[in-house]
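Below is one structure, written out as structure tokens; the observations come after it.
Because the structure is predicted, anything quoted here is derived from the model rather than measured. Positions are given from 1 along the sequence.
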Amino acid sequence: NLPEQHYRTLSHLMAHLHHLSLSSILTGMTCRNLAIVWAPNLLKSLRWDMASEESLRDMGVQAKVIECFIEHYHELFSDKDRIIIESERRESIHEISIDHAVTSYEYSSSP
């Protein structure tokens with residue numbers, strides 16, 4: 001069992017990574033690729049001080065665990081957490097078009 005704060009942080013991060021993976025066609029960041037990047041930061045190898053071959057082997061297992069967390073986010077984390085995270089995301093994200101962003105930048109950069 002994780003402490004509540006750690007569980008909520010993990011849930012929030014996995015929700016974000018899952019959301020990113022949904023755009024993998026555009027970004028190339030599949031669940032697997034995200035897991036490869038994030039796993040070493042989230043799961044410490046028990047054999048970190050051992051030979052590098054063993055720690056590299058552990059990194060593959062770590063990446064598979066994180067990939068599973070990302071891919072199966074909806075099954076692993078509670079509905080309550082998902083509802084809170086989705087409502088926070090809707091409140092904090094304001095989508096703008098690239099044309100609007102460029103126009104706003106050009107306008108604000110004018111003398």
Side-chain angles (χ1 to χ4, degrees):
N1 278 341
L2 287 176
E4 180 65 24
Q5 310 90 305
H6 296 179
Y7 176 83
R8 296 222 357 124
T9 301
L10 180 63
S11 177
H12 197 84
L13 178 60
M14 291 304 117
H16 178 67
L17 295 178
H18 178 76
H19 182 74
L20 289 176
S21 74
L22 299 177
S23 300
S24 64
I25 290 176
L26 300 172
T27 65
M29 294 307 288
T30 61
C31 291
R32 180 71 178 152
N33 290 341
L34 289 165
I36 289 169
V37 171
W38 280 91
N41 298 300
L42 297 173
L43 300 174
K44 181 181 173 191
S45 173
L46 295 176
R47 298 182 266 199
W48 196 251
D49 57 341
M50 301 290 275
S52 62
E53 182 179 326
E54 289 182 29
S55 62
L56 286 174
R57 196 173 317 125
D58 286 347
M59 285 181 6
V61 172
Q62 293 167 347
K64 288 179 191 230
V65 169
I66 298 302
E67 180 182 11
C68 180
F69 281 15
I70 296 169
E71 191 171 334
H72 300 286
Y73 168 75
H74 290 290
E75 293 88 25
L76 294 172
F77 295 91
S78 74
D79 290 335
K80 177 183 159 194
D81 291 332
R82 287 199 311 272
I83 291 168
I84 291 169
I85 290 167
E86 290 303 319
S87 69
E88 288 172 353
R89 178 175 283 131
R90 279 192 290 279
E91 291 172 8
S92 66
I93 295 178
H94 303 284
E95 292 185 27
I96 60 170
S97 70
I98 189 69
D99 294 330
H100 177 73
V102 169
T103 303
S104 296
Y105 176 75
E106 289 172 351
Y107 181 73
S108 67
S109 299
S110 304

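Note on residues 21-31: no pairs pass salt bridge (charged side-chain N to carboxylate O under 4.0 Å, His left out), not counting sequence neighbours. Among residue pairs with one or both ends in residues 17-26, none qualify as salt bridge (charged side-chain N to carboxylate O under 4.0 Å, His left out); sequence neighbours excluded. Within the structure, every pair that satisfies the salt bridge (charged side-chain N to carboxylate O under 4.0 Å, His left out) test and touches residues 27-42, not counting sequence neighbours, is listed here: Arg32-Glu67. Sorted by first and then second residue, the salt bridge (charged side-chain N to carboxylate O under 4.0 Å, His left out) pairs with a member in residues 20-29 form an empty list; sequence neighbours excluded.
With values rounded to the nearest 0.5 angstrom, Leu10 atom CG is found 9.5 Å from Leu17 atom CG. Rounded to the nearest 0.5 angstrom, Ile36 CD1 and Thr30 OG1 are separated by 7.0 Å. Cys68 contributes atom SG, which lies 5.5 Å from atom CG of Leu76 (distance to the nearest 0.5 angstrom).
When every heavy atom of Ala35 is checked against every heavy atom of Ala63, the shortest pair comes out as CB-O, 3.2 Å.
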What verdict does the side-chain contact (heavy atoms from CB on, under 4.5 Å) test give for Ile66 and Ile70, after you've listed the backbone C-alpha separation in whole Å, the side-chain angles of each residue and the deciding distance to 0.1 Å? CA-CA 6 Å; Ile66 298 302; Ile70 296 169; 3.9 Å; yes

In sequence, state the C-alpha distance, the side-chain angles, and the governing distance for Leu42 and Phe69, and then conclude on side-chain contact (heavy atoms from CB on, under 4.5 Å). CA-CA 12 Å; Leu42 297 173; Phe69 281 15; over 6 Å; no

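Listed for the Gln62 side chain is a donor-acceptor partner under 3.5 Å among the backbone atoms of Leu43. Although no hydrogens or angles enter the test, the distance criterion places no donor-acceptor pair under 3.5 Å between the side chain of Ser11 and the main chain of Tyr7.
Partners of Thr27 according to the side-chain contact (heavy atoms from CB on, under 4.5 Å) rule, which considers only residues two or more places apart in sequence or in another chain, are Ser23, Met29. In this view, Leu22 and His18 satisfy the side-chain contact (heavy atoms from CB on, under 4.5 Å) rule, not counting sequence neighbours.
The side-chain heavy atoms of Leu13 and Trp38, taken from C-beta on, include a pair separated by under 4.5 Å.
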